[in-house]
Student: 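Take a look at this one; I'll ask things after.
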Number of protein chains: 2
Amino acid sequence: MANHEELFQETLRERGFRVTPDRLHVYRLLESSPFPLPISTVVEEIQSTGINQTTVYRILELFTAIGIVHPVLIGHGSVGYELIPPFRHHHHHLVCVGCNQVVDLNNCRLEQRVDEIVEPYGYKILYHDLEIHGLCPDCQAKEKDNAPNEN
Amino acid sequence: MANHEELFQETLRERGFRVTPDRLHVYRLLESSPFPLPISTVVEEIQSTGINQTTVYRILELFTAIGIVHPVLIGHGSVGYELIPPFRHHHHHLVCVGCNQVVDLNNCRLEQRVDEIVEPYGYKILYHDLEIHGLCPDCQAKEKDNAPNEN
DNA sequence: GTTTATGCAAACAGTTTGCATGTAC
DNA sequence: GTACATGCAAACTGTTTGCATAAAC
């Protein structure tokens with residue numbers, strides 16, 4: 001959405017940072033990805049455009065600092081980055097512990113429950129992340145084939 | 001709880017791994033911590049007992065592989081480890097983005113909602129993590145003092 | 001006694017830093 | 001033109017690996 005990209009540019013300028021081709025590249029890559037990307041992937045994808053590794057690190061650090069992206073856990077303990085609202089709609093992840101497939105969940109409706117849970121602590125809530133881990137249908141089938149008696 | 005520790009020892013033996021003083025040490029450290037610990041902290045805490053760094057890495061890798069601990073995001077994009085059920089009760093985290101304080105949330109009751117959300121995908125759910133981010137009362141106060149007109 | 005776990009040292013990978021050059025504003 | 005962003009190379013940190021020794025079973 002061009003709207004999001006304009007918002008992105010405004011956000012940078014508002015805070016005194018410049019809109020550069022490299023920053024746009026990283027932004028667009030994240031916007032086009034249906035799941036969070038580890039730095040290594042961003043570096044690979046981006047390097048074909050001639051952008052330096054160091055620059056990618058600096059851009060993701062900046063984006064994190066000013067609230068354009070945030071880190072989330074993907075796969076087994078590794079970190080990926082994804083756009084956060086208002087740059088991308090609020091959503092959660094369903095992760096397969098077998099094959100690391102990630103499914104986006106868009107019907108959250110958890111706000112009320114989150115409010116209830118947190119109410120006693122006096123926190124001002126900014127956002128929440130829900131990650132659901134399980135076995136996808138394929139991996140369930142594989143598990144049955146390999147170890148019918150285990151567990 | 002001694003019960004949990006026995007279960008821990010059983011779990012190791014069942015899978016063909018040995019119960020060693022080092023593994024017990026790491027287990028007890030995690031059990032005694034109210035919040036997830038980054039590897040660096042485990043290494044520091046543990047090194048006073050003479051255990052080698054490499055061993056800590058190997059133990060945490062093992063514990064993760066056989067489902068005794070799991071990694072969670074703490075602070076700004078760094079990873080911490082904590083015991084998972086049945087070695088520790090199910091809980092979630094309320095994290096302050098200002099000071100990184102972590103509060104344990106024990107009244108989850110999200111299972112039903114999670115089931116509803118995931119139902120269409122055919123996944124077998126193993127566990128879920130909810131992380132709520134916000135500003136603790138102290139950091140809210142600080143923010144007001146420092147920048148009354150911003151945002 | 002056998003097999004697994006640990007310690008040590010070296011290798012490795014990912015990340016950060018300083019500085020010179022290029023570019024957005 | 002000025003201040004900020006980038007590229008490059010080197011430094012640094014955290015993590016992994018191979019092998020000899022020690023300990024659990």
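Values below: all heavy atoms of this structure, side chains included; hydrogens, waters and symmetry mates excluded. Sequence lines set the chain letters: A, B, ... in the order given, protein chains first and strands last, and positions in each chain run from 1.
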Student: Let me know the distance between CD of A/E14 and C1' of D/dC4, rounded to the nearest Å.
Tutor: 18 Å

Student: Distance criterion of 3.5 Å, no angle test: do you see the side chain of A/R18 paired donor-to-acceptor with the base of D/dA3?
Tutor: yes

Student: Just how far, in rounded Å, is P of C/dT15 from CD of A/E44?
Tutor: 12 Å

Student: Grab the CD1-C1' distance between B/I51 and D/dA22 for me, whole Å please.
Tutor: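 That distance rounds to 15 Å.
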
Student: What is the distance from CZ of A/R15 to C1' of C/dA24, rounded to the nearest Å?
Tutor: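 For the pair A/R15 CZ and C/dA24 C1', the rounded distance is 20 Å.
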
Student: B/I66 has an atom CD1; how far is it from atom P of C/dT4, in whole Å?
Tutor: 15 Å

Student: Looking at NE2 of A/H91 and CG of A/L83, how far apart are the two atoms once the value is rounded to the nearest 0.5 Å?
Tutor: 9.0 Å

Student: For the pair B/D104 and B/R88, find out whether any cationic side-chain nitrogen is under 4.0 Å from an anionic carboxylate oxygen.
Tutor: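 Between B/R88 and B/D104 there is a salt bridge, with a charged N closer than 4.0 Å to a carboxylate O.
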
Student: Looking at DNA chain D, which of residues 52-64 of chain B put a heavy atom within less than 4.0 Å of it?
Tutor: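 By residue number: B/Q53, B/T54, B/Y57, B/R58.
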
Student: Could you give me the CA-CA distance, side-chain angles and deciding distance for B/E116 and B/R113, then say whether salt bridge (charged side-chain N to carboxylate O under 4.0 Å, His left out) is met?
Tutor: CA-CA 5 Å; B/E116 285 169 32; B/R113 186 81 197 88; 2.8 Å; yes

Student: Just compare D/dG7, C/dA5, C/dA24 and give me whichever is closest to any side-chain atom of A/D22.
Tutor: D/dG7

Student: Cut-off 3.5 Å, side chains only: do A/T20 and A/D22 have a donor facing an acceptor?
Tutor: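 The criterion, which ignores hydrogens and geometry beyond distance, is not satisfied for A/D22 and A/T20.
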
Student: Evaluate the ring planes of B/F8 and B/Y27, with Trp represented by its six-membered ring, and classify them as parallel (under 30°), tilted (30 to 60°) or perpendicular (over 60°).
Tutor: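 Because their plane-to-plane angle is under 30°, the rings of B/F8 and B/Y27 count as parallel.
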
Student: Give a yes/no on whether any side-chain N or O of A/T20 is located under 4.0 angstrom from OP1 or OP2 of D/dT6.
Tutor: yes

Student: Can a side chain N or O of A/R13 be found less than 4.0 Å away from OP1 or OP2 on C/dC25?
Tutor: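 Yes.
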
Student: What's B/P38 touching, base or sugar-phosphate or nothing? Going by heavy atoms closer than 4.0 Å.
Tutor: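 The answer is nothing, as B/P38 stays clear of every strand by at least 4.0 Å.
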
Student: Could you check how far CZ of A/F17 sits from C1' of D/dA5, rounded to whole Å?
Tutor: 11 Å

Student: Reading DNA chain D from 5' onward, which residue's closest nucleotide shows up sooner: A/G16 or B/V19?
Tutor: A/G16

Student: How close or far is atom P of C/dA5 from atom CG of B/L24, stated in whole angstroms?
Tutor: 14 Å

Student: Quick one: are the ring centres of A/H133 and B/Y127 less than 6.0 Å apart?
Tutor: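 That pair passes the under 6.0 Å test.
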
Student: Side chains of B/E131 and B/H92: donor-acceptor distance under 3.5 Å anywhere?
Tutor: no

Student: Whole-Å distance between C/dT23 P and A/H25 NE2?
Tutor: 15 Å

